[in-house]
Amino acid sequence: MKVLLVNPSLNRKRLGSYWRFTTAVPPTGLTYLGAVLERDGFEVRIYDQHAVHGSNEDLMAIVELFQPEVVGFSALTFVMETVEDAARQLRAKHPKVRILAGNIHATYFPKEMVESGIADFVIREEGEEAILAVCRALRDGREPTDVNGTTCMEGGKVRHNPTPAMIDLDRLPYPAWHLLDGYAYVPDPLNLAPLQSKAQPLAIQASRGCPFACTFCSQDTMYKRVRVRSPESVVNELEYVHHTYGTTVFGFIDAIFPLSPKQGHAFADEMIRRGLHRKVTWFTETRVDLVTPDLLKHLKEAGLRFIQYGIESGDDMVLSKLMRKKAGVNQARQALKWTRDLNILSFGLFVVGMPGETREQILKTIEFAKELDPDIVKFNVAIPFPGSELWERFKHRVDGQPTWKYSGWYNASINDADNILAGETLPTRELMYLQRRAMFEFYTQPKVMHRYFVQGLVPIDVLAEGFYVMMSELVRSAFPYARAQVSAMAA
Ligand code: B12
């Protein structure tokens with residue numbers, strides 16, 4: 001039986017020029033699903049529509065060619081418009097195809113997705129065991145209405161089957177990377193020169209879940225318990241993938257890696273003991289309060305070249321009260337200094353526009369980013385992601401309306417009417433403008449430009465593209481903001 005798994009595209013119109021700059025990182029969840037299905041004899045293809053900026057017309061052409069019995073969508077909140085449209089087209093053109101949906105958005109809106117007919121079966125939380133059970137039943141000609149971890153329609157009513165026990169990570173096969181042959185992935189949005197490699201950069205996962213509960217994140221509710229693989233098992237996989245696919249650059253996709261100095265040191269020891277630190281380099285995302293100079297040094301010896309830190313804000317009150325981050329600005333200062341001293345590249349991630357956050361606090365965050373001086377930064381506007389505490393607090397505002405509508409945040413023409421947090425934060429247009437200004441202010445600093453242009457940290461084509469996107473987004477957001485200011489003054 002044939003199964004097509006799809007990583008959907010973001011909506012081009014909503015994204016504006018950011019569309020050209022969406023990062024193509026391998027969809028690891030789909031390669032895990034592909035691996036369990038192939039092990040059971042299914043014929044699997046992955047269409048990474050996101051990576052190739054593909055359309056639903058392209059998807060229909062692939063369905064026409066491959067003729068799958070099952071199509072499964074990776075349904076994150078931001079891609080729901082694409083999924084909905086694709087499902088509509090599939091129903092019209094290929095009515096026999098059974099549609100599955102998984103990932104975060106499907107996990108939190110299973111009822112809505114099956115009732116509206118977008119999906120026949122929603123697979124909640126981790127997908128490996130449930131997708132196998134659903135596909136096996138379909139292969140055997142049975143209707144899989146009773147599979148644990150799924151939601152579907154039965155006799156005109158929604159059937160919500162119980163959530164199964166969490167998966168033992170050590171029993172999973174390695175991701176089926178061959179299913180992504182032909183796609184071009186990059187290790188980070190700016191494709192930093194020291195991280196480039198001839199072979200594809202691929203992903204590795206050492207844990208699922210997160211022990212922290214930041215108010216803007218859904219990781220702690222999507223995976224209710226943290227599970228960590230042994231360092232041996234992780235290094236076995238790295239070694240296997242390196243030998244099989246020639247991979248020399250790996251990215252950890254854990255919420256946090258390492259979760260503790262103990263886990264980090266044990267992993268580094270194992271990498272060095274096997275000599276893998278001479279063959280591969282890797283990057284990761286962690287917290288500023290979980291690193292020490294010793295740990296960073298050891299990780300660097302083991303191949304670490306690039307760290308992403310969720311720094312979020314330059315104001316301790318925002319960090320502790322509004323975000324419940326449990327890490328402060330001084331810890332960020334230290335971590336960034338240690339990282340730079342060791343010549344490890346860094347990526348600072350910031351969030352602006354939390355409910356209750358003031359203009360002054362946002363401006364402070366912009367200054368703080370410049371002071372910390374990571375190699376790359378990204379400022380996101382706070383979004384109430386389904387599954388997060390922020391969402392729980394404000395979801396009543398969108399009752400009965402399509403939830404994905406409120407994911408159009410990066411659209412500079414968005415106004416308060418489309419903003420679920422309107423009234424709780426700065427006016428939407430001002431927030432959009434400040435976010436774009438933050439990027440502009442950071443990237444146009446002479447020291448940053450010097451690093452990029454003179455030292456060649458960022459490839460020239462990416463630089464040109466990046467500057468085009470940054471300028472056009474700044475202009476796109478500045479006009480509506482200025483207009484709003486003028487009408488406020490007139491009133
Ligand atoms: C790698 C990554 C990406 C990759 C790959 C995304 C993908 N679709 O797989 C890329 C770069 C493409 C990406 C893009 C985006 N991402 Co992203 N990404 C991540 C990251 C870091 C890891 C995800 C991962 O691989 N996990 C490991 C695998 C094993 O788990 P998984 O993906 O959850 O898959 C399991 C289940 O969800 C389920 N499942 C998943 N898909 C399917 C499909 C079917 C049919 C079934 C049955 C089951 C199923 O089974 C899988 C195996 O158990 C997470 C943060 C994190 N640390 O988790 C953010 C995260 C998922 N991304 C996020 C966001 C916001 C985005 C973007 C919108 C960013 C942007 N502004 O461009 C885009 C969306 C584009 C898209 N097409 O999905 C949010 C999602 C929030 C939400 N509610 O939707 C997260 C949680 C980060 C965050 N906290 O902000 N992302």
Please evaluate residues D188 and F283 with respect to the criterion side-chain contact (heavy atoms from CB on, under 4.5 Å), reporting the C-alpha separation (whole Å), side-chain torsions for both, the decisive distance (0.1 Å), and the verdict.
CA-CA 9 Å; D188 68 87; F283 55 94; 5.9 Å; no
Could you check whether any side-chain N or O of [X] sits under 3.5 Å from a backbone N or O of [Y], counting only pairs where one atom can act as donor and the other as acceptor?
{"X": "W282", "Y": "A302", "answer": "yes"}
{"X": "R324", "Y": "A213", "answer": "yes"}
{"X": "E237", "Y": "V234", "answer": "no"}
{"X": "Q196", "Y": "N191", "answer": "yes"}
{"X": "S313", "Y": "T365", "answer": "no"}
{"X": "K321", "Y": "V318", "answer": "no"}
{"X": "E430", "Y": "P427", "answer": "no"}
{"X": "R287", "Y": "K325", "answer": "yes"}
{"X": "Y443", "Y": "V377", "answer": "yes"}
{"X": "R436", "Y": "A478", "answer": "no"}

In Å, rounded to the nearest 0.5 Å, how long is the span from [atom1] of [X] to [atom2] of [Y]?
{"X": "E84", "Y": "N56", "atom1": "CD", "atom2": "CG", "answer": "11.0 Å"}
{"X": "T284", "Y": "I344", "atom1": "OG1", "atom2": "CD1", "answer": "11.5 Å"}
{"X": "R278", "Y": "I272", "atom1": "CZ", "atom2": "CD1", "answer": "9.5 Å"}
{"X": "K378", "Y": "Q435", "atom1": "NZ", "atom2": "CD", "answer": "8.5 Å"}
{"X": "Y47", "Y": "L30", "atom1": "OH", "atom2": "CG", "answer": "13.5 Å"}
{"X": "L65", "Y": "L4", "atom1": "CG", "atom2": "CG", "answer": "11.0 Å"}

Heavy atoms, side chains only, cut-off 4.5 Å: are [X] and [Y] in contact?
{"X": "I46", "Y": "L180", "result": "yes"}
{"X": "F257", "Y": "I204", "result": "no"}
{"X": "H277", "Y": "E301", "result": "no"}
{"X": "L296", "Y": "I307", "result": "yes"}
{"X": "F216", "Y": "S388", "result": "no"}
{"X": "Y309", "Y": "L372", "result": "no"}
{"X": "Q361", "Y": "M317", "result": "yes"}
{"X": "H298", "Y": "D269", "result": "yes"}

One thing to verify: whether [Y] and [X] come together as a salt bridge, which I'm taking to mean a side-chain N less than 4.0 angstrom from a carboxylate O.
{"X": "E360", "Y": "K364", "answer": "no"}
{"X": "E473", "Y": "R476", "answer": "yes"}
{"X": "E270", "Y": "R229", "answer": "no"}
{"X": "R340", "Y": "D375", "answer": "yes"}
{"X": "R393", "Y": "E424", "answer": "no"}

Can you label the angle between the W391 ring and the F109 ring as parallel, tilted or perpendicular, going by 30° and 60°?
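It falls in the perpendicular class, over 60°.
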Chi angles and distances behind the side-chain contact (heavy atoms from CB on, under 4.5 Å) call for H50, L76
CA-CA 12 Å; H50 173 85; L76 289 176; over 6 Å; no
Do other residues, nucleotides or ligands put more than 12 heavy atoms under 6.0 Å from [X] [atom1]?
{"X": "K370", "atom1": "NZ", "result": "yes"}
{"X": "Y174", "atom1": "OH", "result": "yes"}
{"X": "K224", "atom1": "NZ", "result": "yes"}
{"X": "N343", "atom1": "CG", "result": "no"}
{"X": "F66", "atom1": "CZ", "result": "yes"}

Please find the pair of heavy atoms, one from [X] and one from [Y], that lie closest to each other, and give the distance.
{"X": "G246", "Y": "A199", "value": "O-CB, 3.3 Å"}
{"X": "S233", "Y": "D170", "value": "OG-OD1, 3.2 Å"}
{"X": "L190", "Y": "P459", "value": "O-CD, 3.5 Å"}
{"X": "I420", "Y": "P384", "value": "CG2-CG, 3.2 Å"}
{"X": "A255", "Y": "C210", "value": "CB-CB, 3.9 Å"}
{"X": "A203", "Y": "T28", "value": "CB-OG1, 3.3 Å"}

Can you find a side-chain donor-acceptor pair between R429 and N419 that sits under 3.5 Å?
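No donor-acceptor contact under 3.5 Å links the two side chains.
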Under 3.5 Å, is there a donor-acceptor pair linking the side chains of Y108 and S218?
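Their side chains do not contain a donor-acceptor pair, so the 3.5 Å distance test is not met.
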Do D58 and Q49 pass the side-chain contact (heavy atoms from CB on, under 4.5 Å) test, and can you show the C-alpha distance, the side-chain angles, and the key distance before you say yes or no?
CA-CA 8 Å; D58 301 334; Q49 191 188 36; 5.9 Å; no
Verdict with reasoning, L345 to R305, per side-chain contact (heavy atoms from CB on, under 4.5 Å)
CA-CA 6 Å; L345 296 168; R305 292 291 173 273; 5.6 Å; no
Would you say the rings of F267 and F252 are close, in the sense that their centroids are separated by under 6.0 Å?
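Yes: the rings meet the under 6.0 Å criterion.
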Looking at residues at least two apart in the chain, or sitting in another chain, which of them share a side-chain hydrogen bond (donor to acceptor under 3.5 Å, both in side chains) with D48?
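Testing D48 for side-chain hydrogen bond (donor to acceptor under 3.5 Å, both in side chains), a comparison that skips the adjacent residues, returns N7, Y185.
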Run F440 and F379 through ring pair (Phe, Tyr, Trp, His ring centres under 6.0 Å) and show every step you take.
CA-CA 10 Å; F440 181 81; F379 292 83; over 10 Å; no
With side chain to side chain donor-acceptor pair (under 3.5 Å) as the rule and sequence neighbours excluded, what pairs involving residues 242-264 come up?
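Sorted pair list: S207-D254.
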